[in-house]
Amino acid sequence: MARHNRLGQWGENIATEHLIREGYAIVERNWRMEHFEIDIIATKGPRIIFVEVKTRTSADYDPLEAVDTRKKTRMIASANAYILSRNLPHEVQYDIITIVGEPNDYTLEHIPDAFWPSVRTRR
């Protein structure tokens, strides 16, 4: 397994542990369907939460910068595919978790309700 894959897997493990401590119930990890993917899917109360995890070894590059408009759009489309595939009635929430550092020394930032999907109309 490539180093960046091991780093990402480690970060998702740390994020999962954090979410469980915060009272989230983990539903799925690394969900994929066709070209859609979600790092972590969890529930808390009446909400289903779609979590994007970004892990970096250095603070030289802000991991939040990797969650740009394109990534958010893909995350929303993936969440919609998941919800439709299971006919879920939950409220939806999008969280971002960033982890910067190494296994023995890292910081974790959890941003609940990190963004809202934009409403788009078609003509």
Side-chain angles (χ1 to χ4, degrees):
M1 183 183 293
R3 185 175 191 276
H4 72 278
N5 289 337
R6 285 193 305 272
L7 179 68
Q9 188 176 49
W10 167 75
E12 288 177 13
N13 290 340
I14 295 297
T16 298
E17 292 170 10
H18 167 77
L19 291 168
I20 291 169
R21 279 193 308 273
E22 294 297 313
Y24 291 68
I26 306 303
V27 176
E28 297 203 40
R29 288 184 56 182
N30 297 308
W31 175 81
R32 285 176 171 66
M33 183 177 84
E34 298 172 10
H35 62 280
F36 300 114
E37 70 93 10
I38 300 283
D39 292 336
I40 301 171
I41 301 170
T43 59
K44 188 172 184 181
R47 291 186 168 196
I48 187 160
I49 299 101
F50 297 94
V51 183
E52 177 67 20
V53 180
K54 291 296 179 191
T55 308
R56 301 289 184 262
T57 55
S58 167
D60 293 343
Y61 175 71
D62 182 0
L64 281 177
E65 290 179 12
V67 187
D68 57 10
T69 302
R70 182 172 181 255
K71 180 61 184 174
K72 290 175 188 174
T73 300
R74 293 184 59 77
M75 195 172 170
I76 292 163
S78 298
N80 286 338
Y82 183 84
I83 290 166
L84 290 172
S85 72
R86 286 160 175 75
N87 195 28
L88 298 174
H90 297 79
E91 296 174 30
V92 176
Q93 176 176 314
Y94 299 93
D95 289 13
I96 299 172
I97 294 179
T98 63
I99 299 165
V100 178
E102 301 284 338
N104 58 351
D105 182 27
Y106 65 87
T107 59
L108 180 147
E109 182 180 4
H110 179 192
I111 306 166
D113 269 331
F115 62 90
W116 291 83
S118 60
V119 176
R120 295 178 11 175
T121 59
R122 297 179 193 242
R123 295 179 186 226

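All values below come from the heavy atoms of this structure, side chains included, with hydrogens, waters and symmetry mates left out.
Taking CD1 of I48 as the reference point, atom OH of Y24 lies at 13.0 Å (rounded to 0.5 Å). Note: E12 CD to T16 OG1 = 7.0 Å, rounded to the nearest 0.5 Å. Separation of atoms CH2 (W116) and NZ (K72) is listed at 13.5 Å; rounding is to 0.5 Å.
A donor-acceptor distance shorter than 3.5 angstrom exists from the side chain of D95 to the backbone of D113, with no hydrogens or angles considered. Side chain of R56 to backbone of K54: no donor-acceptor contact under 3.5 angstrom is found.
Ring-plane geometry between W31 and Y82 is classed as perpendicular, the angle between the planes exceeding 60 degrees on a 0 to 90 degree scale with a lower cut at 30.
A 6.0 Å sphere centred on CZ of R29 holds more than 12 heavy atoms belonging to other residues, nucleotides or ligands.
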Under 3.5 Å, side-chain donor or acceptor atoms of residues 35-44 against the rest of the protein: list the pairs with distances, not counting sequence neighbours.
residue : atom : partner : partner atom : Å
E37     : OE2  : K71     : NZ           : 3.4
D39     : OD2  : V53     : N            : 2.8
K44     : NZ   : E22     : O            : 2.8

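Side chains of T69 and F115 form no contact here, defined as non-hydrogen atoms less than 4.5 Å apart. T57 has its side chain within reach of E102: a pair of non-hydrogen atoms, C-beta onward, lies under 4.5 Å apart. At least one side-chain heavy atom of L19 sits less than 4.5 Å from a side-chain heavy atom of H110.
I96 and V100 fall into different hydrophobic clusters, where Ile, Leu, Val, Met, Phe, Trp and Tyr residues are linked whenever their side-chain heavy atoms come under 4.5 Å apart, directly or through other members.
Nearest approach of A15 to L108, heavy atoms of both residues: CA-CD1, 4.5 Å.
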Where do R74 and E52 land on the salt bridge (charged side-chain N to carboxylate O under 4.0 Å, His left out) test, with the steps shown first? CA-CA 11 Å; R74 293 184 59 77; E52 177 67 20; over 6 Å; no
